[in-house]
Amino acid sequence: MPHPARTTRRTLTAATLVLALAGLSACDPDDATGQRPAAGPSAAQDGSALEALGGLPVKGRAPKTGYDRTGKFGPAWSDKTSAPGSRNGCDTRNDILRRDLTDVTGKNGSRCVVGSGTLARDPYTGRRIDFVRGPKTSQAVQIDHLVALSDAWQKGAQQIPQDDREALANDPLNLLAADGPANQQKSDGDAATWLPASKSFRCAYVARQIAVKKKYRLWVTKAEGEAMNRVLTNCPGQPLPDDSSPGVPVRGR
C-alpha cells in the first residue's frame, strides 16, 4: 500500500503540472490550430487604421435608389478636389496618372494630358504595366475609386452635401492608378467582396478606404468591418493616411 505522504506529494506534483500547463496555454498567443487569435481593440495603436476602424459606424447597406454618377457626384474627373491648392487646370484622371506613373510624357507636349508612362508596380496585381494613351490601350491603367461611388452612396453619401460628394469623387485620397482588368473585377465591391490579389498591398488598401470613410462620414457594414479587421490584424500598426501629402501615391507594405 503506498505511503500516504508520497501519494499526497504525487498528487500535488500532478496538480502543479496541470496548472503550469494551463498557465502556458493562457499566455500562448497561438491557439491549438496554430492560428493567432484575432486582435482585439487593445491591439490598435494610436493613429492606426485599426483604431479608426473602431470609430466608424456599423449599419446595413441603404438602397441604391437615386444613385446617379454625374447627378450626385458631379462630372467625371473635374478639376475639383478637397486638397488645398490642388486645382491646377488639369482633370483629376491625368493628375493621378502623373502622380502614380513614372517616366511620364505629355501627349503632344501637353502640360496636362499624359501620353505615356509606367506603372512600375501595380498595387492590385504587383506587375509592371506600360501605359500608352490610345483608344485600345488607355484602359490598361484605370483610376480606381478605392471607395466606389455607388458603395459610398449606399453607406452615407446620400446624407452629405453635394459639394462633399463631388470632392469625394475627385479626392486623391480616394484615387489610385491600377490595373484595368483588376479594377473592372472589383467594380463597386467593398472589402467584404473584393481585395487586391497582391496581398502585400491589402493593409494599405484597407487603411485608405477607412480614411476615406472617416473623412466623408460614411459607414461600414458588419461584413465589411469584419473583413477590414481581418486584414489589419496582420498589420495593427498600419497608419491611417491623411491629406498631408495628397500627391504621394499609396504603396504596399
Atom CG in Leu97, atom CG in Leu175: separation rounded to 0.5 Å? 10.5 Å
Under 3.5 Å: donor-acceptor pair, side chain of Glu51, backbone of Gly47: yes
Gap between atom CD1 of Ile143 and atom CG of Asp100 - 0.5 Å precision: 6.5 Å
Show every disulfide bond (SG atoms under 2.5 Å apart) that has at least one partner inside residues 133-173, sequence neighbours left out. none
Under 3.5 Å side-chain donor-acceptor pair for Gln142 and Gln184: yes
Compute whether any side-chain donor of one residue and acceptor of the other, for Thr102 and Thr118, lie under 3.5 angstrom apart. no
Heavy-atom side-chain proximity of Arg127 to Leu119 below 4.5 angstrom: no
Are Tyr216 and Trp219 connected into the same hydrophobic cluster when the rule is that any two of I, L, V, M, F, W, Y join if their side-chain heavy atoms are below 4.5 Å apart? no
How about CG on Asp68, more than 12 heavy atoms from neighbouring residues, nucleotides or ligands closer than 6.0 Å, or not? yes
Run the side chain to side chain contact (heavy atoms under 4.5 Å, CB included) test on Phe201 and Leu176 for me, step by step, so that the C-alpha distance in whole Å, both residues' side-chain angles and the decisive distance to 0.1 Å come before the verdict. CA-CA 12 Å; Phe201 184 67; Leu176 189 66; 3.7 Å; yes
Donor-acceptor under 3.5 Å (Thr92 side chain, Ser78 main chain): yes
Donor-acceptor pair, side chain of Thr193 and main chain of Asp190, under 3.5 angstrom: yes
Taking Val132's backbone N and O only, do any of them form a donor-acceptor pair with Thr137's side chain (distance below 3.5 Å, no angle check)? yes
Full working for salt bridge (Lys or Arg N to Asp or Glu O under 4.0 Å) between Lys186 and Asp144: CA-CA 9 Å; Lys186 174 193 172 185; Asp144 181 35; 2.9 Å; yes
Main-chain N/O of Ser110 paired with Asn108 side-chain donor or acceptor, under 3.5 Å: no
By ring-ring contact (aromatic ring centres under 6.0 Å, His included) - contacts of Trp194 (at least two apart): Tyr124, Tyr205
Run the numbers on Glu224 and Lys213 for salt bridge (Lys or Arg N to Asp or Glu O under 4.0 Å), then give the verdict. CA-CA 12 Å; Glu224 179 185 13; Lys213 296 210 165 194; 2.8 Å; yes
Please tell me whether Arg93 and Asn170 have a donor and an acceptor in their side chains that are separated by less than 3.5 angstrom. no
We want to know whether Asp171 and Asn174 form a side-chain donor-acceptor pair, criterion being a heavy-atom distance below 3.5 angstrom. no
Can you tell me if Trp77 uses its side chain to pair, donor with acceptor, with the backbone of Ala169 under 3.5 Å? no
Can you name the one residue among Leu53, Thr221, Val220 that meets side chain to side chain contact (heavy atoms under 4.5 Å, CB included) with Val58? Val220
List the steps, then state whether salt bridge (Lys or Arg N to Asp or Glu O under 4.0 Å) holds for Asp95 with Arg99. CA-CA 6 Å; Asp95 282 341; Arg99 185 194 71 179; over 6 Å; no
Please name the pair of heavy atoms, one in Asp179 and one in Pro181, separated by the smallest distance, quoted to 0.1 Å. OD2-CD, 3.3 Å
Looking only at atom types and distance, does a side-chain atom of Arg165 sit under 3.5 Å from a main-chain N or O of Ile160, one as donor and one as acceptor? yes
Would you call Asp242 and Lys215 a salt bridge, taking side-chain N to carboxylate O under 4.0 Å as the test? no
Do Arg128 and Asp122 sit within salt-bridge range, that is, some charged N less than 4.0 Å from a carboxylate O? no
Return the CZ to OG distance between Arg121 and Ser198, rounded to the nearest 0.5 Å. 4.5 Å
Evaluate ring-ring contact (aromatic ring centres under 6.0 Å, His included) for His145 paired with Trp153, printing each intermediate quantity in order. CA-CA 13 Å; His145 288 95; Trp153 179 254; over 10 Å; no
Interatomic distance, CD1@Ile210 vs OG@Ser48, rounded to 0.5 Å, equals 8.5 Å
Rounded at 0.5 Å granularity, tell me how far CD in Gln45 sits from CG in Leu240. 13.0 Å
On a heavy-atom basis, which atom in Gln158 and which in Ala62 lie closest, and how many Å separate them? NE2-CB, 4.1 Å
Between atom OG1 of Thr233 and atom CD of Gln238, what is the distance when rounded to the nearest 0.5 Å? 12.5 Å
Before you tell me yes or no, could you show the steps for Arg133 and Ser116 under side chain to side chain contact (heavy atoms under 4.5 Å, CB included), namely the whole-Å CA-CA distance, both residues' side-chain angles and the distance that decides it to 0.1 Å? CA-CA 6 Å; Arg133 182 174 295 277; Ser116 65; over 6 Å; no
